[in-house]
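Below you'll find the structure, written out as structure tokens, and then a few comments.
Reckoned from all heavy atoms, side chains included, excluding hydrogens, waters and symmetry mates. Start at 1 with the first residue, then count along the sequence.
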Amino acid sequence: MGESWSFLDTVESNFRPLVVIELAKGTKEETIEWFTKRIVDKKANGGAQLLIKPLVMENGVENIYLVGASHLRLLLGAETVGLVKECSDNSMRTFTYSSRKSFKDFADDNHNFLTMAECQYIIKHELENLRAKNEKMIPGYPQAKLYPGKSIVRRLLTSGILVQIFPLHDREALKKLRHSWYGRVKVGYQPLDDIRCYFGETIALYFGFLEYFTFALIPMAVIGIPYYVFAWEDYDKYVMFATFNLLWSTVILEVWKRICAILTYRWGTLLMKRQFEEPRPGFHGVLGINPVTGREEPVYSSLKRQLRIYLVSLPFVCLCLYFSLYVMMIYFDLEQWALDYHEENESNFSSLMLYVPSIIYAVVIEIMNRIYRYAAEFLTSWENHRLESSYQNHLILKVLVFNFLNCFASLFYIAFVLFDMKLLRQSLATLLITSQILNQFAESLLPYWLQKRYNRRMKKRMCSQKTDRDLSIAEQVNMEKEMGTYLGTFDDYLELFLQFGYVSLFSCVYPLAAVFAVLNNITEIYSDALKMCRVYKRPFAEPTANIGVWQLAFETMSVISVVTNCILIGMSPQVDALFPDSKMDLVLTVALVEHLLLAIKFIMAFVIPDKPRDIQMKLAKLEFESLEALKQQVRAFQVQLHFLLIHH
């Protein structure tokens, strides 16, 4: 591959813009000249060897640049990032330029061999790996310090010189995707392969999980309806329903692992080798030597980080949890006031007032969750984690702990302190439905309405321009650069996680929760699709092999649901009547059943393989072939060495 870079030309007549770079207005000329030179410079000189063209706007300002790459450059980049593609024999292998002819649908003149999302991912990778050589600062900005090995793009972003980098939409491909995805209401599967080709594996996997989770909820919803209608107070039947729920939650999570493996093998990400993680953009410290790589990079004391976590972050999280509990007690005071008001008046209005405290509390919960999210992001960034994976794990832990307590503490209090099953059903229903309505409005409807208003204004302004030149690309960039930035699937998975908690934790009290979850998820699929295609900028594709730490979060929730449902059933009058003489026997029996169900869950999780048999065989075959190829290389080296020794 090293030889390939030398003959790669940076000039291509058919320039295809893939990525947009927006610099701050008034950026100095020497800075622009230096940055663009580094982008187009050859790899041997420390450049990215990409193509770049300025986009002149109607006001004559040149602060926006379009970035592309030649077909050959993208193929070499695909090898660098380790993309996995399908071969002519239908096997999946890591792409290499030297063996390009063995891959399915490859041809020197086929520029669609790599998807547009893959091309944009390659360009993003190359731009992020533009590193300073001997520069001490960004030309024109002495305060923006550089050191050898520092990412240039990250320094430009943190210095405010670079406003944003985003991939362009392909309007024709997007139009087709919209039509097949949400353009018409239909009962069927989502076009996950098309979503993956356009948005990448991470987003496609989220929509795959959302679709799978919705279908998995249907049995719970179907069984829950007759329980709700005919057997509301019959706890004997709820024992069967709760047992089914607990086994169901285990099976669906294990089956998802298998479906996830099938999808990611087909997309090639199951085989992608994880590269050594670079320091995250916000990581800072004294310049030193990494003992593993030998490269110069910032070094920060792990002791300082631990002190920040345990002396600042942990007390802050505990304070927030206390505040959440304090707000919860205010909610119960409001509930008592509404109940007293109803007993005094007993009118239709007073009956409606019984639901007002729960609705207000649900709104307050959503507001607190969003405010805490910003605080958690600030604290986790301040902790100065070196790796992005470490940063994400600490952030998710903080957010999950607070959201779990904030959303479910009142339900636990009602169930296990007040022992009020009627209030528990009412609160659970109100919290579930209100949170779903608020999320749909805040995440999709409001951003879509605001974006649509901006698009109308932009189109009017573009149409009023009296000029002969084609404004289509300028219009597209102008519209897309003002769109909101999609911040990832974190909030989407969090919403599903909380929904899973509402459905599974207290299933024997409110079996209708699954019905509302199914209805919400059906609209969620369409609203999220609309959000991705019409509201936000196109996000960069990110390869992934699974849903990450969220799988563990869902499995933990299913374990907690075993405990809560067993205790609720043990508290029922029917079960309590079976142990009139000794409450200790009741407690021991409930504990025994709970341990038995947990044992069944873990046995099922162990028995059900994470990958289907055929996928396991294909992976084993690839590993065997890799070892054989390595052996052949070693033998060839030994023969050459032996030959040299004889002639010497």
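A centroid separation of less than 6.0 Å is found between the aromatic rings of F207 and W181. H169 and Y198 have their aromatic ring centers within a separation under 6.0 angstrom. Aromatic rings of F113 and F106 (six-membered ring for Trp) have centroids within the 6.0 Å cut-off, being under it. The six-membered or imidazole ring of F554 lies near that of F209, with a centre-to-centre distance under 6.0 Å.
K531 has a carboxylate O that lies under 4.0 Å from a charged side-chain N of D492, or vice versa, which qualifies the two as a salt bridge. At a threshold of 4.0 Å, the pair D491-R373 counts as salt-bridged, since one of the basic side-chain nitrogens sits closer than that to a carboxylate oxygen. A salt bridge links R266 with D193: at least one charged nitrogen is closer than 4.0 Å to a carboxylate oxygen.
A donor-acceptor contact shorter than 3.5 Å is absent between the side chain of S159 and the backbone of I161. A donor-acceptor contact shorter than 3.5 Å is absent between the side chain of R16 and the backbone of A69. Within the 3.5 Å criterion, the main-chain N or O of V477 finds no donor-acceptor partner in the side chain of E480. Remark: the backbone N or O of S99 is paired with a side-chain donor or acceptor of S102 at under 3.5 angstrom. A side-chain donor-acceptor contact under 3.5 Å links T27 to the backbone of A24. For the pair T158 (side chain) and R154 (backbone), a donor-acceptor distance under 3.5 Å is present. Q120 contributes no side-chain N or O that, together with a main-chain N or O of F540, makes up a donor-acceptor pair within less than 3.5 Å. Looking only at distances, no side-chain donor or acceptor of H125 sits under 3.5 Å from a matching main-chain atom of Y121. S527 places a side-chain N or O within donor-acceptor distance of the main-chain N or O of E524, the cut-off being under 3.5 Å. Panel note: side chain N63, backbone L23; a donor-acceptor pair is recorded below 3.5 Å.
Looking only at side-chain heavy atoms (C-beta outward), R538 and Y486 stay at 4.5 Å or farther from each other. Between L50 and R38 there is no side-chain heavy-atom pair separated by less than 4.5 Å. Within the 4.5 Å cutoff, the side chain of I165 has no heavy atoms near those of the K124 side chain. Put simply, the side chain of M368 reaches to within 4.5 Å of the side chain of S324, judged on heavy atoms. With contacts defined as side-chain heavy-atom distances shorter than 4.5 Å, the pair R73/E126 qualifies. Here the side chains of Y65 and E22 are not in contact, with every heavy-atom distance at 4.5 Å or above. Residues V40 and Q49 form no side-chain contact, since every pair of their non-hydrogen atoms from C-beta on lies 4.5 Å or further apart. Put simply, the side chain of L146 reaches to within 4.5 Å of the side chain of R155, judged on heavy atoms.
A donor and an acceptor atom, one from each side chain of S313 and E383, are located under 3.5 Å apart. D105 and N110 are not linked by any side-chain donor-acceptor pair at a separation below 3.5 angstrom, with hydrogens and angles left out of the test.
For the atom pair CG of L18 and CD of E118, the computed distance is 12.0 Å after rounding to the nearest 0.5 Å. The distance from the CE atom of M92 to the NZ atom of K104 is 10.0 Å, given to the nearest 0.5 Å. Between the CH2 atom in W34 and the OH atom in Y141 there is a gap of 11.5 Å [rounded to 0.5 Å]. Atoms SG and CG, from C533 and L174 in turn, are 5.0 Å apart once rounded to the nearest 0.5 Å. Expressed to the nearest 0.5 Å, how far OG of S301 lies from CZ of R308 amounts to 10.0 Å. A distance of 12.5 Å separates CD1 in I21 from CG in L55, rounded to the nearest 0.5 Å.
Ring geometry, F103 versus F95: the interplanar angle falls from 30° to 60°, so the pair is classed tilted. The aromatic rings of Y493 and Y206 stand perpendicular to each other, their planes meeting at an angle above 60°, with 30° marking the opposite boundary. Below 30°, between 30° and 60°, or above 60°: for H71 and H111 the angle between ring planes is below 30°, a parallel geometry.
For the residue pair K133 and N45, the shortest heavy atom distance occurs at NZ-O, 2.7 Å. Scanning all heavy atoms of the two residues, the minimum distance from V399 to A376 falls at CG2-CB, 4.1 Å. Minimum heavy-atom separation, L66 to F15: O-CZ, 3.6 Å. Nearest heavy atoms, E377 versus Y391: O-OH, 3.8 Å. Listed here is the closest heavy atom pair of L168 and I473: CD1-CD1, 4.1 Å. Closest heavy-atom contact between L205 and C260: CD2-SG, 3.9 Å.
Around the CD atom of E172, the shell of radius 6.0 Å holds no more than 12 heavy atoms that belong to other residues, nucleotides or ligands. Atom CD of E33 has 12 or fewer neighbouring heavy atoms from other residues, nucleotides or ligands inside a 6.0 Å radius. Around NZ of K101, the count of heavy atoms belonging to other residues, nucleotides or ligands within 6.0 Å exceeds 12.
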Derivation of the side chain to side chain contact (heavy atoms under 4.5 Å, CB included) call for T269 and T544
CA-CA 6 Å; T269 51; T544 187; 5.7 Å; no

Given ring pair (Phe, Tyr, Trp, His ring centres under 6.0 Å), test Y372 with F402 step by step and report yes or no.
CA-CA 8 Å; Y372 176 81; F402 181 81; 4.0 Å; yes

In sequence, state the C-alpha distance, the side-chain angles, and the governing distance for L114 and I122, and then conclude on side chain to side chain contact (heavy atoms under 4.5 Å, CB included).
CA-CA 10 Å; L114 298 175; I122 292 166; 4.1 Å; yes

Please test I203 against M532 for side chain to side chain contact (heavy atoms under 4.5 Å, CB included), starting from the C-alpha separation and ending with a verdict.
CA-CA 9 Å; I203 290 174; M532 295 304 304; 3.5 Å; yes

Worked verdict on E86 versus R93 for side chain to side chain contact (heavy atoms under 4.5 Å, CB included)
CA-CA 6 Å; E86 187 177 2; R93 299 179 190 277; over 6 Å; no

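Applying side-chain contact (heavy atoms from CB on, under 4.5 Å) to L496 and the options I547, T489, L210 leaves one that passes, L210.
With sequence neighbours excluded, the residues forming a side chain to side chain donor-acceptor pair (under 3.5 Å) with T485 are K537, listed by chain and number.
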